[in-house]
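See below for the structure under consideration.
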Amino acid sequence: LVASSLLGNLASAIADMPIEAKPAAITEVAAKEKEEDKEEEIEKPPPSPASIDELRRLVSKAHRALTANLKKRTSVGSELRSMQDEMGQAADAQIDIASGAVASETNSNSTAAMLRGMWLEMRMMGHPFYEERLESEADRLEEKTPALQAAYDDAKRQLRRASGEDEYS
């Protein structure tokens with residue numbers, strides 16, 4: 001804090017000096033900065049088709065990442081909702097269908113009933129852990145979304161600038 005205030009005081013003192021009194025190094029630095037500013041003002045040549053193609057690939061890659069994130073969030077959210085439905089009726093219905101298929105394939109109702117009971121117990125015991133994992137996955141995907149959206153928007157903006165399109169069109 002002390003060093004920054006000393007530098008600020010020094011800079012303001014130098015700025016107030018007449019040009020003849022300023023050290024030569026400072027005037028050289030100022031001259032170089034002015035030249036760099038002028039170089040920046042010079043228009044850049046139009047982008048080459050290769051760089052526009054590269055920007056298009058970048059936009060496409062960012063869009064694919066954003067869409068993959070959205071699809072994964074949707075599937076995780078759907079699975080979470082199905083786990084949290086009224087007393088697991090959807091899962092129980094799936095288990096009933098599977099046990100019915102086992103009964104018809106094996107011609108053994110007792111095997112199907114035993115498997116049905118086992119699947120229901122597996123679901124009951126695994127439910128809390130799986131639900132927790134799905135919730136953490138949903139949170140992780142949600143946290144990644146703003147960065148992916150920003151990368152996509154930035155890539156689109158760069159492509160628009162390079163191709164000379166109006167940014168708001």
Side-chain angles (χ1 to χ4, degrees), residues 1 3-5 7-8 33 36-37 39-169:
L1 186 63
S4 64
S5 65
L7 287 175
E33 286 177 359
E36 290 173 1
D37 289 343
E39 289 175 1
E40 289 177 7
E41 291 175 7
I42 298 174
E43 288 189 32
K44 296 177 183 176
S48 67
S51 67
I52 289 179
D53 288 341
E54 185 62 34
L55 287 172
R56 284 188 181 129
R57 281 192 285 276
L58 183 65
V59 168
S60 178
K61 183 179 178 181
H63 187 261
R64 281 193 307 270
L66 184 61
T67 352
N69 180 280
L70 178 62
K71 285 180 183 178
K72 185 72 175 168
R73 282 178 38 212
T74 303
S75 69
V76 167
S78 173
E79 194 155 349
L80 261 173
R81 277 188 299 286
S82 71
M83 289 187 75
Q84 295 167 344
D85 72 345
E86 196 74 27
M87 296 193 350
Q89 292 171 350
D92 289 348
Q94 288 176 341
I95 290 173
D96 289 340
I97 291 170
S99 66
V102 167
S104 66
E105 288 178 17
T106 62
N107 292 326
S108 172
N109 288 334
S110 60
T111 302
M114 187 258 325
L115 286 174
R116 181 182 184 282
M118 183 180 74
W119 290 332
L120 286 171
E121 286 178 8
M122 287 173 55
R123 180 183 176 277
M124 182 181 68
M125 297 299 184
H127 182 274
F129 302 108
Y130 187 57
E131 185 175 16
E132 183 179 319
R133 189 186 74 73
L134 285 176
E135 287 172 351
S136 67
E137 178 74 8
D139 291 342
R140 186 185 65 79
L141 291 168
E142 188 70 33
E143 288 172 3
K144 288 174 89 176
T145 301
L148 291 171
Q149 182 68 47
Y152 175 63
D153 292 342
D154 186 49
K156 282 192 334 188
R157 195 174 306 112
Q158 287 178 10
L159 179 61
R160 284 188 184 131
R161 282 189 198 135
S163 62
E165 291 181 20
D166 182 16
E167 191 153 329
Y168 299 104
S169 61

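Note: hydrogens, waters and symmetry copies are ignored here, and every other heavy atom, side chains too, is used. Model, not experiment: these values are computed from the prediction.
The heavy-atom pair separating I52 from L159 by the smallest distance is O-CD1, 3.8 Å. Annotation for N109 and A103: closest pair OD1-CB, 3.6 Å, computed over non-hydrogen atoms. The shortest non-hydrogen separation linking A162 to L55 is CB-CD1, 3.4 Å. Residues S104 and A101 share a closest heavy-atom pair of OG-O, 3.0 Å. Shown here for V76 and L134, the closest heavy-atom pair between the two residues is CG1-O, 3.4 Å.
Taking CG from L70 and NE2 from H63, the interatomic distance works out to 9.5 Å, rounded to the nearest 0.5 Å.
Applying the side-chain contact (heavy atoms from CB on, under 4.5 Å) test to R133 and every residue at least two apart in sequence or in another chain returns Y130. Among residues two or more places apart in sequence or in another chain, the salt bridge (charged side-chain N to carboxylate O under 4.0 Å, His left out) test is passed with R140 by E137. Not counting sequence neighbours, A113 has no partner by the side-chain contact (heavy atoms from CB on, under 4.5 Å) test. Under the rule for a side-chain contact (heavy atoms from CB on, under 4.5 Å), the partners of D153 that lie at least two apart in sequence or sit in another chain are Q149, K156, R157.
Residues R81 and S78 are in side-chain contact: their nearest non-hydrogen atoms beyond the backbone lie under 4.5 Å apart. Side-chain contact between S60 and R64: present, with at least one pair of heavy atoms (C-beta onward) separated by less than 4.5 Å.
Each of T67, L66, L58 was scored for a side-chain contact (heavy atoms from CB on, under 4.5 Å) with Y152, with one residue passing: L66.
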*Stepwise, does the side-chain contact (heavy atoms from CB on, under 4.5 Å) test hold for K61 with R57?*
CA-CA 6 Å; K61 183 179 178 181; R57 281 192 285 276; over 6 Å; no

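Annotation: salt bridge (Lys or Arg N to Asp or Glu O under 4.0 Å) contacts involving residues 93-109, sequence neighbours excluded, comprise D96-R116. Here ring-ring contact (aromatic ring centres under 6.0 Å, His included) pairs that include residues 92-128, with residues two or more places apart or in two chains, number zero.
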